[in-house]
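Structure record follows, encoded as C-alpha cells.
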Amino acid sequence: MSRYNAKEVEEKWQSRWDAAGCFSAREDEARENGAREKYYVLEMFPYPSGKIHMGHVRNYTIGDVVARYKRAKGFNVLHPMGWDAFGLPAENAAMERGIHPAEWTYANIATMRAQLKLMGLAIDWDREIATCHPGYYAQQQKLFAAFMKAGIVYRKESSVNWDPVDQTVLANEQVIDGRGWRSNALIERRKLSQWFFRITAFSDALLEGLEGLDRWPEKVRLMQRNWIGRSEGATIRFEIEGREDRLTVFTTRPDTLFGASFCALSPNHPLAAEVAAGDPSAKTFIEECNRLGTSEEAIETAEKKGFDTGLRVRHPFLPDTSLPVYIANFVLMEYGSGAIFGCPAHDQRDLDFARKYALPVVPVVLPADADPENFVVGTEAYTGDGTAFNSGFLDGMGVEAAKRAAIDRLAAAGQGESTIQYRLRDWGISRQRYWGCPIPVIHCPTCGPVPVPEDQLPVVLPDDVTFDAPGNPLARHPSWKQTTCPECGGPAERDTDTMDTFVDSSWYFARFCSPRAEAPMDRKAVDYWLPVDQYIGGVEHAILHLLYARFFTRALAEVGHVGLPEPFAGLFTQGMVCHETYKDPDGKWLFPEEVEKLGDGSARHLETGQPVVLGRSESMSKSKRNVVDPEAIIGTYGADTARWFMLSDSPPERDMEWTDAGVEGAWRFTQRLWRLLTDNLDSLPPKGTAVPGDLGGAALDLRRAVHKTVQAFGDDLEKFRFNRAVARIHEVANTLGGFKPADEAGRAMLRESLELVVRLIGPMMPHLAEEMWQSLGHEGLLANEAWPQVDGALTADEQVTLAVQVNGKKRATVSLPMDAPEDVAQEMALADPAVLRAMDGKAARKVIVVKNRIVNVVV
RNA sequence: GCCCCUGUGGCGGAAUUGGUAGACGCGACAGACUCAAAAUCUGUUUCUCGCAAGGGAGUGCCUGUUCGAGUCAGGCCAGGGGCACCA
C-alpha cells in the first residue's frame, strides 16, 4: 500500500503552479480584455502580526475554493493578496524591543507570506501590496488631496475621543463601551484640530445602497442600517423670551408638543456656555457633567440631572405658555441640535427628569382602550400608539397624522420643518502616531493648511525616529516637519499626524486592479475588475471596515477614480475558529500541547500530572492559550488535510471547533482517497477509454451516483455549502470503495468515476488532486482543467422510493418507476400489508399522492 | 431597554424549502486481520417496550393551520449577537 506523502507532493505542485504562472495575471491588456467573464474574489487582507493563525487558514481556504472553482468554470479570476501593514503593534514592538516598525513589519510579512504559500493558495502574488510601502501610501496621499479639493475632507476643532494609553485619537466606531478598541483604556474627551472625512454627506446614499446588496448577509446590512441610524422628525425653533435668537431642537415626536413641559440643552451647547459665563453655579454644573465621562458604568448609574438656566421659551402652539430651559446631563451635543424639548408623559428619560424637578406630566397620546378622564402616567412613560388628546388642533388624530399636522403648522408659522437626522457622524482620521500614512498637508502661519502639491508627493515617513517616549515620534522629530509653504514660500510645518489605518483598507481592493499604476488606480483596470464579486472575511468588520470602504468607493466615484457606487457585490462572513480551553488548578491558562486528554473525559498536565480544568470552546486567542499553530498542522498533515478539515462539518458562516480528532479524521480521509486510486491503478484501462453506453447493473448505478454527485457538489459550492459538498465526497468515496468492477466496462466506469472525483476535490485539496490526476496519466495541470459537465440524462433515477403514510404516519415504503402515474402509486400503496394493517379494515376516505414523493392514506 | 439571529442524537451537523427526520463526519461499541499494537476493513449506534416479529415517543415548550409541520402562524422559554441617555 503506498502512503501519500503530503509534504513532498505539496512542495512539488506548488512549484509547478509557480513555474506555469497559473495564477499570476500580469497587468497586460489581454488580462483585462479577455473573452472570459471576470470574477474578482477577495479575502480581507491580513494584518502582519507575526504568524498566520487558524482564522486566516479558514478565511483563505474558503476564498481559495471559490477562486479555483470559478477559474475551472471558465471565469477570468482575480485573486490577490496584500498586507494591512500600518498600525500600532509595530510601534509597540519598537518601544518594547527597540526594533524599527518597518523592519518588524516587513519581517512579519516575509514569515506570513511563506506560511500562506504553504497552503497552496491560487493567489496572484505578482499583485501583492503592503499599505506601509511608499508605493501604496503615496497614492493614498493623492486621494487625500483629491478629497480635500472635492470638500470630502475637512478640518475642524472638535471634542475627540482620546485614548490615554495609545496616546491617540479614536473614531467613534473605535470606542466600545467607552473604551479604546485596542487598548481597552477609558476614553477621555479632548479638544483638538482634526481632519475629518465627510461620511455624513453620504448617509442617505449609504443607507439606500444597502437595499441593492442582495448578496450580503442580512445581519450585516441591518447592523449598518442601525449604525447610520436614520430618524425622521422635525426641527422646532422655540422663541426665547427676552432674546432675539431661537432655541433649535430636533424631535421625532412633534405630535406630543402639547405635552411639553421643559426644554433641555446639552452641557456642551453654546447657549449653555453663555449662561455659564454669567453664572458660576451653571459653570460648576457643566464641569460636573463633563467629568462624568461616557463610560458604560457612568451612563448606567447616572441620574438624570439638570440645571435651571432661568431662560424660558414660548410654546409654539400655546401663546400663553412658556417652558423652562434646563441644562441636562443626558442631552448629547453630537446628536440633533444638542437641545430637546421634554414631553415627560411619552418619553422615559423626560419623565425621570420631570419627576425629579417636579415638572408637569401631561399625557397627550391616549392608548386605544384607555379612558381619557382617568388616563394617567405614573412611573412609566407611554410610548405606544394612540390618539392625540389634550392637544388642541391635534385632538383625535392618530400619531402619524398628528406628526404631520404639527409639522405643517410649525412650517406655516416659520417655526420649524420636517427633518431627517442620522446617528452617523463624520469620520475623524487624524492619529498622533508614527506608523501610518502621513497626512499630506503643510500648515502655514499665513496661508493656513495647504495640501502638499502632487509633484512633492509622497510625503515619506522618516526612518530616524525614536520610540523611547510616549506621544508622536513624528512631532518630536528634530527636522522632519520643518518645510516651506507651497503657496507663499514662507517657513511652515508639516502635519505630523498620520491617517487612521482604516483609511488604508478602505480602497486596497481597488488598488489590486492596477497595483503598480502611477496613479492611485488605473480607470480601465477598475472598470474591468470592480466590483469585487465575492468578498470574504470576519463579521467583526460588519460596521467599521465595510462601511468605510463603501463610503470610500462613493467618494472615489465623486472624484472620478471609479465608476460605481458599491465595492463589494457579494459578501460572505465566515465564523471563528474555536478550541477547547484549559486551566490548571490555579486558574492559569494552558496550551493544548501541555495537556494530555484521558479516556474518561478528564485531562491532566503533561509534565506535572496535575488535573486540568476543561473549559468551554472559545475563539482561539493568545491570551486564552487555546491556539493551534497552522504551520505545525501543515507540517504534520499537509495543507490539503488542514483545508479539508476547515471545510468539513461546520457551515462556513458558523463558528467551528478545532479538534485533534477532527484533523485526524480529515487526514485519514486524505489517505483513503489516495488509496482509492492506488489500489485500483493497475487494473484501470488506459486514459481516454470510453465507457460503453449500454452500461448496466452496478456500473450503471455507480455512473448515476457519481454524476449526481457532480451536480450536487457544484450546487453546494455555488451556495457556500462546503460542509455538504465534503459530505458528498465522503458518500461517493463510500460508493467507490464498495464497487468491484465485473468487466472491462466496469473498469472503464471506475476510471471515469475516479477522474470526476479528482476534479471535484481540486478546489479543496488541490495538491492531492494534482497528484492523483497525474497518476491517472494526465500530463497537463488539473488547475488548468475545466469544471466537469453534468450529463442530465445520467443524474435521473429509474426507480424511486415513495413513503406511504396512513393518517400522516409513515407505515411503509414502495418502490416505483420514476414518474409512475398517481393511480399506480395509490394501488401499490393500498396493497402493502403494513398499510392495510394500519388501516385496520377501514376504507380510505381520501388518498393524497405526491408524485415521486409520498402517498398519504386518510381513513 | 431596543433591534436581530439560533434552538434537531453523546458531539459537529444534513433534510430536495410543507412530503420517508437524523445524510456525512467525529466519538462509542462489537467483529475481522495481527504474537501484539498501529493502520485498515466489516457491522451497530435517536430514545423506549419487546427474545423476536413488531409497536410507542421524538426536532426547546405550548397552541394553531394542514391529508401531512424540523420547516408556516401566534404565544412562551433558553442561548448568542448588535446598538445603547440618539430626543
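What's counted below: heavy atoms across the whole structure, side chains too, no hydrogens, waters or symmetry copies. The structure presented is a predicted model; accordingly, all values stated were derived computationally and were not measured. Every chain is numbered from 1, with letters handed out A, B, ... down the list of sequences.
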Sugar-phosphate, base or nothing in reach of A/Thr251, heavy atoms under 4.0 Å: sugar-phosphate

Going by atom types alone, do A/Arg230 and A/Gln421 pair a side-chain donor with an acceptor below 3.5 Å? no

With C1' as the reference atom in both, quote the distance from B/A21 to B/C47 in angstrom, rounded to an integer. 14 Å

How far does the C1' atom of B/C72 sit from the matching atom of B/U59, given to the nearest Å? 15 Å

Are any of A/Lys809's side-chain N or O atoms less than 4.0 Å away from OP1 or OP2 of B/A57? yes

Ignoring backbone atoms, establish whether A/Arg423 has a side-chain N or O less than 4.0 Å from OP1 or OP2 of B/A84. yes

Return the residues of residues 848-859 of chain A meeting this criterion: a heavy atom under 4.0 Å from some atom of RNA chain B. Order them by number, or give none. A/Ile848, A/Val850, A/Arg853, A/Ile854, A/Asn856, A/Val858

Please state whether the phosphate of B/C4, meaning OP1 or OP2, lies under 4.0 angstrom from any side-chain nitrogen or oxygen of A/Arg225. no

A/Thr659 side-chain N/O to B/G12 phosphate OP1/OP2 under 4.0 Å: no

With the 90 degree cut-off around zero defining syn, does B/U40 come out syn or anti? anti

Given the P atoms of B/C11 and B/G18, what is the spacing between them in whole Å? 28 Å

Heavy atoms only, 4.0 Å cut-off, all strands: where does A/Arg845 land among base, sugar-phosphate and nothing? nothing

Stepwise side-chain contact (heavy atoms from CB on, under 4.5 Å) test for A/Trp658 and A/Met620: CA-CA 9 Å; A/Trp658 183 275; A/Met620 287 189 181; 3.6 Å; yes

